[in-house]
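Step one of this worksheet: look at the structure below.
So you know, we letter chains A, B, ... as the sequences are listed, proteins then strands, and number each from 1.
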There are 2 protein chains.
Amino acid sequence: MPAKNIISKENSFIRKYLQLRDKKKFRQEEQAFVIEGLRIVQDALQKPEQVQQIFCTETALKKYSELLLFQQQKIIQVSDALGKLMSDTEHTQGVFAVCRMPEQQAEISPSGKYLVLCQLQDPGNMGMILRTCDALGIEGVLFTECCDVYNPKTIRATMGSIFRVPMFFGNTPEELLHMLNQLKIISYASVPDKNALPLTSCAFNSGCAVWIGNEGNGLPEEIISSCQKITIPMRGGAESLNAAMAAGILLWEILR
Amino acid sequence: MPAKNIISKENSFIRKYLQLRDKKKFRQEEQAFVIEGLRIVQDALQKPEQVQQIFCTETALKKYSELLLFQQQKIIQVSDALGKLMSDTEHTQGVFAVCRMPEQQAEISPSGKYLVLCQLQDPGNMGMILRTCDALGIEGVLFTECCDVYNPKTIRATMGSIFRVPMFFGNTPEELLHMLNQLKIISYASVPDKNALPLTSCAFNSGCAVWIGNEGNGLPEEIISSCQKITIPMRGGAESLNAAMAAGILLWEILR
């Protein structure tokens, strides 16, 4: 049987959930994050050890209990009203979970193909990129100085890919570049510059990493000057692509 | 000199602005829509006849008056407080405009390459797709049963491309397909189906239209069965790409 019906937002489990949802600092301290929605909770349960707690509203339990049955000992029942408070969406399914962040970083192999996200700030872009990485099948995503990947907005946009894409969190861009250089992985800087090597003229052999920069400002100058500059040829009127779209087209070409 | 400083939200110009911002039906009746931000207002002014009115806050006028100088007769000054009310963003630049919808549909040429958006419902996706169409340079975008392209969220995501991409609004999917068939333009239905023709095996010769469907449900069965089915090969874990991302990768391949 699921735990008793929590109705108070002062309950310690609920307070922790809300803090994890809203505070990056708290997520980092606890090395945990929250997810919402039946499908993504099922994705997380592919590795049950990464799921600390599941919250279900009364309504959700009636509807989905069969789908979550084997996880009964982790389920805490909450009132429908509390579900609304916990939810980050307009129409909640009433299924939530607290998950542990992976303890280890993804391993970086000298023969792998990687995407580096450098100073990306939009959680929606970040989530869409992770979903695309997962669908197209890149070896891993490396992050440096980005917005929090465990932000609920990012998580939602990943559609579960957060649990499938190998991730590596670097310290500074310079340190990450140095690490890749040591591994003899070639770094390419994606820039909106007509003089850079067009993407279509570039053979992305194994052992490469493509860097995507900030939505407004692109990549730091020091990174650009230390990498092979590549660009997506554009013949239309817009001056640049959205960062997620640029990443998607780059990924498609790298993995072609 | 700009018109007198409007401070009341009951002013008829302001009421019209707000209704155009919030109501699709009103936009259609008036054949007009609103834009916000200096850059996109400048984009709109590439064809001055499509700009009916410009609103600037006092602060914005001090900052940007030189950039909008030759449009003085169209500028109405509003108070900073009113600017906040008119704004659809967190930090407004205080520059707004009312624009006319184009009177004519884009011309469809039998030798052109087109993207068809069918029952797309997310304004952000739609805007991102239009920006990508503009950057990569497709001949036009055809719409059928989509969310309103003149929704402020879509407009913002287009980054000005709304004024540059030729658009054609079809009635039903069936009628649009019939029109394309009459023009001998080959229609391709994009589907997440491993048995469809992989995008990489498809030569998109001139005279083609690629159809993208609804975010959750894809394209209508009747359309799929009347088109050549194509798919983006995926080797990863995610089952599908975001609709905008799929459109971007398709556009990239069509225009390659």
Side-chain angles (χ1 to χ4, degrees), chain A residues 39-40 43 46 113 115 122 124-141 153 156-166 192 198-201 215-216 231-256, chain B residues 39-40 43 46 113 115 122 124-141 153 156-166 192 198-201 215-216 231-256:
Chain A
R39 182 60 196 274
I40 194 167
D43 282 333
Q46 296 292 315
K113 292 179 176 183
L115 187 71
D122 183 90
N125 279 342
M126 184 111 100
M128 200 190 294
I129 292 172
L130 283 172
R131 179 176 174 190
T132 310
C133 286
D134 185 22
L136 299 179
I138 198 141
E139 268 84 6
V141 179
K153 270 188 203 162
R156 195 178 329 127
T158 71
M159 300 283 278
S161 298
I162 187 86
F163 297 113
R164 289 185 295 262
V165 177
L199 185 54
T200 36
S201 311
E215 286 85 354
T231 197
I232 300 175
M234 287 184 285
R235 46 182 180 168
E239 280 167 23
S240 68
L241 291 162
N242 160 282
M245 191 58 88
I249 292 172
L250 283 159
L251 282 164
W252 170 252
E253 279 294 315
I254 298 163
L255 300 167
R256 211 160 193 279
Chain B
R39 182 60 196 276
I40 193 167
D43 281 333
Q46 296 293 315
K113 292 180 176 184
L115 187 71
D122 183 272
N125 278 342
M126 183 111 102
M128 199 190 292
I129 292 173
L130 283 172
R131 181 176 173 191
T132 309
C133 286
D134 186 22
L136 299 179
I138 198 141
E139 268 85 4
V141 179
K153 272 189 201 160
R156 196 180 327 128
T158 70
M159 299 284 277
S161 297
I162 187 88
F163 297 114
R164 289 186 294 264
V165 176
L199 185 54
T200 38
S201 312
E215 287 86 354
T231 197
I232 300 174
M234 288 185 283
R235 43 179 181 173
E239 279 168 25
S240 68
L241 291 162
N242 159 284
M245 191 59 87
I249 292 172
L250 283 160
L251 282 164
W252 170 253
E253 279 294 315
I254 299 163
L255 300 166
R256 209 159 194 278

If you tally heavy-atom pairs under 4.5 Å between each of A:Met234, A:Arg131, A:Met128 and chain B, the highest tally belongs to A:Arg131
Contacts of type salt bridge (Lys or Arg N to Asp or Glu O under 4.0 Å), residue A:Arg164, not counting sequence neighbours
A:Asp43, A:Asp134
Please look at B:Leu255 and chain A and tell me whether the side chain, the backbone, both or neither of the residue comes under 4.5 angstrom of a heavy atom of that chain.
both
Can you tell me how far CD1 of A:Ile129 sits from CG of B:Asn242, rounded to the nearest 0.5 angstrom?
11.0 Å
Does any backbone or side-chain atom of B:Ser161 lie under 4.5 Å from a heavy atom of chain A? Answer side chain, backbone, both or neither.
side chain
Crowding at CE, A:Met159 (>12 non-hydrogen neighbours, <6.0 Å):
no
Among B:Thr132, B:Val165, B:Ile232, which residue forms the greatest number of heavy-atom pairs with chain A at distances under 4.5 Å?
B:Thr132
Pairwise side-chain contact, A:Leu241 with B:Trp252, heavy-atom cut-off 4.5 Å (strictly under):
no
Is it the backbone or the side chain of A:Leu250 that comes under 4.5 Å from a heavy atom of chain B, or both, or neither?
neither
With a 4.5 angstrom heavy-atom cut-off, is it the side chain or the backbone of A:Ser240 that approaches chain B, or both, or neither?
both
Under the salt bridge (Lys or Arg N to Asp or Glu O under 4.0 Å) rule, collect the residues that match up with B:Arg256, sequence neighbours excluded.
A:Glu253, B:Glu253
Non-hydrogen side-chain atoms of B:Leu136 and A:Ile249 separated by less than 4.5 Å
yes
